[in-house]
Undergrad: 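Here it is, the structure, as structure tokens.
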Amino acid sequence: MPELPEVETIARGVDERLRGDRIETTWFSEKPEPFKSPPQLMAKELAGRSIDRVHRVGKHIVFDLGDLQWIVHLGMTGRLLVADPRTAIPPHTHAILHLASGRELRFVDARRFGRMALETTRFAGTGQEPLKISKDEFAALFRPRKTSIKAALLNQKLLHGVGNIYADESLFRAGIRPRRMARHLKRAEFDRLHSSLQSVLKKAISLGGSSVSDYVDSAGVEGFFQLEHRVYLRTGQPCLVCGTPIRRIVVGGRGTHYCPHCQR
DNA sequence: ATACCGACCTGTCAGC
DNA sequence: TGCTGACAGGTCGGTA
């Protein structure tokens, strides 16, 4: 589910509404998967903490809580919802923070690929920020890779935050086939990819992310960038530029969509 | 260092 | 009406 634009949208929404609020008590489900830190420890450490700031690092949502950080990764289907306690608790709710303002922050995740943990050192993520990296750094990061450019874009140790949608969409806009070996790309192609990736991510953030099946922001509102997808999940449909049917292949175990005419 | 695969989970949809 | 298989915004670990 959520990639950089969706996580950014959620983090901004949670920050706007919960900054300055205080966590009073917590509840965690019995399912073990979502908790990298033991739930009892999180319950003890989170209670009484004020929320100084909420922001995004890669695909992670980071809560600054004094000398502690609470890190949430949403996996494929995770949601963070700011809710009125009188509203029904949705199925697959795995964590609830009860706040001093009377509201609740709920973590809901059907597939349970999401994770949460406490950090005592400043969380830096796994790679570089796609919206901050320069053209020179971008080319230097990817050129040595002995793998396809698509697999390299998905590698969170290089750039963090890019997932399947925005990898496919940025490669389309740069006119580069997903299976091309990273080390065979020309400098002009790295530059086009850098530019298309940043513009796609910024546009998606401005539209509140992509709602393909079930993504919503922290207020339960869907995004609109799915209306701007040119290849992702458009298998067999005509390319919006040239009319050639969009093709689906598997690269790095992920469904990969591209236009065989526009991407070389 | 990389490639490939299955595993982890649930839900949805197409096809029979 | 069901069943089965494929697929879905992600990541990890094992084995070549």
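Quick note on labels: first sequence line is chain A, next is B, and so on, each numbered from 1.
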Undergrad: Using the rule given for side chain to side chain contact (heavy atoms under 4.5 Å, CB included), can you reason through A:Ser148 versus A:Arg180, listing the C-alpha separation, both sets of side-chain angles and the distance that settles it, and then say yes or no?
TA: CA-CA 5 Å; A:Ser148 68; A:Arg180 290 273 305 282; over 6 Å; no

Undergrad: Less than 6.0 angstrom separating the ring centers of A:Phe35 and A:Phe107, yes or no?
TA: no

Undergrad: Determine whether a donor-acceptor pair (N or O, by modelled atom type, separation under 3.5 Å) exists between the side chain of A:Arg56 and the backbone of A:Gly58.
TA: yes

Undergrad: Summarise protein proximity over nucleotides 11-16 of chain C in one line of letters, 5' to 3': B for base, S for sugar-phosphate only, - for none, counting protein heavy atoms closer than 4.0 Å.
TA: S-----

Undergrad: With rounding to whole Å, what would you report as the distance between B:dT10 and C:dT1 at their P atoms?
TA: 25 Å

Undergrad: Of A:Gly253 and A:Arg112, whose closest DNA chain B nucleotide lies nearer the 5' terminus?
TA: A:Gly253

Undergrad: Under 4.0 Å between a side-chain N or O of A:Arg183 and OP1 or OP2 of B:dT2?
TA: no

Undergrad: Where does DNA chain C form stems of at least three consecutive Watson-Crick or G-U wobble pairs, each pair having both distances below 3.5 Å?
TA: B:2-8 with C:10-16, B:10-16 with C:2-8

Undergrad: Classify A:Ser148 by what it touches in the nucleic acid, base, sugar-phosphate, or nothing, heavy-atom distance under 4.0 Å.
TA: sugar-phosphate

Undergrad: Could you report the tightest heavy-atom contact between A:Asp109 and A:Gly114, atom names first, then the distance?
TA: OD2-N, 2.8 Å

Undergrad: Would you classify A:Arg145 as touching base, sugar-phosphate or nothing, given that sugar-phosphate means primed atoms plus P, OP1 and OP2, and contacts are heavy atoms under 4.0 Å?
TA: sugar-phosphate

Undergrad: How long is the line joining OH of A:Tyr215 and C1' of C:dG10, in whole Å?
TA: 16 Å

Undergrad: Rounding to a whole Å, what distance do you find between A:Arg143:CZ and B:dA1:P?
TA: 19 Å

Undergrad: Let me know the distance between CG of A:Asp168 and P of C:dA8, rounded to the nearest Å.
TA: 10 Å

Undergrad: Using whole Å, report how far CZ of A:Phe107 lies from P of B:dC9.
TA: 14 Å

Undergrad: Sticking with atom P, work out how far C:dG2 lies from B:dC9, rounded to a whole angstrom.
TA: 28 Å

Undergrad: Describe the nucleic acid contact of A:Gly163 in one word from base, sugar-phosphate, nothing, applying a heavy-atom distance below 4.0 Å.
TA: sugar-phosphate

Undergrad: Provide, to the nearest angstrom, the distance between the OH atom belonging to A:Tyr166 and the P atom belonging to C:dG10.
TA: 10 Å

Undergrad: What pair of heavy atoms forms the shortest contact from A:Val250 to A:Arg179, and how long is it?
TA: O-NH2, 3.4 Å

Undergrad: Are OP1 or OP2 of B:dC8 and a side-chain N or O of A:Arg115 less than 4.0 angstrom apart?
TA: no

Undergrad: Tell me yes or no: between the side chains of A:Tyr215 and A:Glu3, is some donor less than 3.5 Å from an acceptor?
TA: no

Undergrad: Looking at every non-hydrogen atom in both residues, tell me the closest pair between A:Leu118 and A:Met42 and how far apart they are.
TA: CG-CG, 3.7 Å

Undergrad: Check every atom of C:dG10, C:dA8, B:dT10 against the side chain of A:Glu3 and return the nucleotide holding the closest atom.
TA: C:dG10

Undergrad: In whole angstrom, give the distance that lies between atom CG of A:Asp214 and atom P of C:dC7.
TA: 19 Å

Undergrad: Does B:dG11 have OP1 or OP2 under 4.0 Å away from a side-chain N or O of A:His92?
TA: yes

Undergrad: Can you pull out every salt bridge (Lys or Arg N to Asp or Glu O under 4.0 Å) where at least one residue sits in residues 35-52 of chain A? Sequence neighbours excluded, please.
TA: A:Glu45-A:Arg49, A:Arg49-A:Asp67

Undergrad: Would you say the side chain of A:Arg111 and the base of B:dC9 hold a donor-acceptor pair, judged only by whether the two atoms sit under 3.5 Å apart?
TA: yes

Undergrad: Taking atom CZ of A:Arg192 and atom CG of A:Leu171, what is their separation to the nearest 0.5 Å?
TA: 11.0 Å

Undergrad: What I want to check is whether the side chains of A:Arg112 and A:Ser29 have a donor and an acceptor closer together than 3.5 Å.
TA: no

Undergrad: Please give the distance between the P atoms of B:dC8 and C:dC3 as a whole number of Å.
TA: 23 Å

Undergrad: Using the P atom as the reference point in each nucleotide, state the distance between C:dA6 and B:dC5 in Å, no decimals.
TA: 14 Å

Undergrad: What's the closest nucleotide to the side chain of A:Glu33 if the choices are C:dG10, B:dC8, C:dA8?
TA: B:dC8

Undergrad: Return the value, rounded to whole Å, for the distance between atom CG of A:Asp109 and atom P of B:dC8.
TA: 16 Å

Undergrad: Ring centroid separation for A:His194 and A:Phe190, is it under 6.0 angstrom?
TA: no

Undergrad: Expressed as a whole number of angstroms, how long is the span from A:His160:NE2 to C:dG10:C1'?
TA: 15 Å

